Amino acid sequence: MRRTRMIAVAGALLGACGVVGRFVHGQEKQVADTGGVRTITLPVMQPDLPDAPGRDAVTAACVICHSTRYITMQPRFSKTVWTAEVDKMRKTFGAPITDQQAAVIVDYLVAIRGTPAAGAK
C-alpha cells in the first residue's frame with residue numbers, strides 16, 4: 001500500500017514536471033520571438049481618497065508603503081494626533097517625507113479625517 005502511494009505521488013510529480021517543462025519551453029520561445037524583452041502592464045488604480053488640497057502629496061508619499069484604504073479606514077483624529085501619526089511614519093518607519101510635505105499631508109488628513117471643529121454639530 002505504501003509503495004503504491006509513493007508510485008502515485010512520483011507519477012504526479014513527473015507529470016507536473018512535464019507540464020512545467022512545456023510551459024517554460026513555450027515561454028522561452030515567446031521571449032525569443034520578442035527579442036528577449038518581457039513586459040507587463042500593471043493595472044491603473046485610482047486613489048480612493050476624497051478630493052482636497054494635498055491629495056496629490058498624500059498619493060505620492062504615502063502609497064509607496066500602504067494603500068489609500070489604510071488612510072480612509074482611520075478614525076477621525078485631531079491635528080495633533082495626525083501630526084504624531086505622520087511623524088511616526090517618518091521617524092519609525094522611514095517614510096521619505098520632508099518637513100514641508102509632512103505639513104501638507106497633515107493638513108489633508110485633518111481635512112478628510114479630522115475631528116469636527118469645537119462647537120460644530
Side-chain angles (χ1 to χ4, degrees):
M1 178 90 158
R2 188 174 184 196
R3 181 179 172 151
T4 305
R5 278 191 228 163
M6 287 176 46
I7 291 172
V9 169
L13 289 173
L14 288 173
C17 290
V19 170
V20 170
R22 283 187 299 240
F23 174 74
V24 170
H25 176 73
Q27 190 177 24
E28 288 172 358
K29 183 179 183 315
Q30 180 183 3
V31 171
D33 292 345
T34 60
V37 176
R38 295 181 187 195
T39 62
I40 60 170
T41 303
L42 298 175
V44 176
M45 299 179 70
Q46 296 299 322
D48 57 349
L49 295 173
D51 192 26
R55 178 181 174 192
D56 292 339
V58 169
T59 302
C62 301
V63 299
I64 62 173
C65 295
H66 57 76
S67 74
T68 57
R69 177 79 176 119
Y70 186 75
I71 297 167
T72 59
M73 66 185 255
Q74 298 301 312
R76 294 190 176 277
F77 291 134
S78 66
K79 185 169 186 168
T80 303
V81 173
W82 276 123
T83 301
E85 288 296 309
V86 172
D87 284 344
K88 177 177 67 176
M89 297 299 158
R90 296 171 67 199
K91 296 174 182 170
T92 303
F93 298 113
I97 301 170
T98 66
D99 290 342
Q100 183 180 5
Q101 288 172 314
V104 171
I105 291 168
V106 167
D107 287 344
Y108 175 79
L109 294 171
V110 169
I112 68 159
R113 299 296 305 156
T115 53
K121 295 192 181 209

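The structure displayed is predicted, hence computed values, not measured ones.
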According to a hydrophobic-cluster definition based on side-chain heavy atoms being under 4.5 Å apart (Ile, Leu, Val, Met, Phe, Trp, Tyr only), do [X] and [Y] belong together?
X   : Y    : result
F77 : V106 : yes
V86 : L49  : yes
V81 : M89  : no

So do [Y] and [X] actually touch side chain to side chain, heavy atoms under 4.5 Å?
X    : Y    : value
I112 : I71  : yes
S78  : V110 : no
V37  : T39  : yes
K88  : F93  : yes
Y108 : C62  : no

I'd like to know if the side chain of R76 reaches the main chain of G114, judged simply by a donor and an acceptor atom lying under 3.5 Å from each other, with no hydrogens or angles considered.
yes
Audit row: D99, R90, side-chain contact (heavy atoms from CB on, under 4.5 Å) steps and yes/no:
CA-CA 10 Å; D99 290 342; R90 296 171 67 199; 2.6 Å; yes
Using every non-hydrogen atom in the two residues, find where A61 and I105 come nearest and quote the distance to one decimal.
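So the minimum-distance heavy-atom pair works out to CB-CD1, 3.8 Å.
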Provide the closest heavy-atom pair for Q74 versus R113 in the form atom of the first, atom of the second, distance.
O-NH2, 2.5 Å
Identify, with sequence neighbours excluded, every residue that meets side-chain hydrogen bond (donor to acceptor under 3.5 Å, both in side chains) alongside T98.
Q101
Any pair counted as salt bridge (charged side-chain N to carboxylate O under 4.0 Å, His left out), so long as it reaches residues 102-112, sequence neighbours left out
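Sorted result for residues 102-112: K79-D107.
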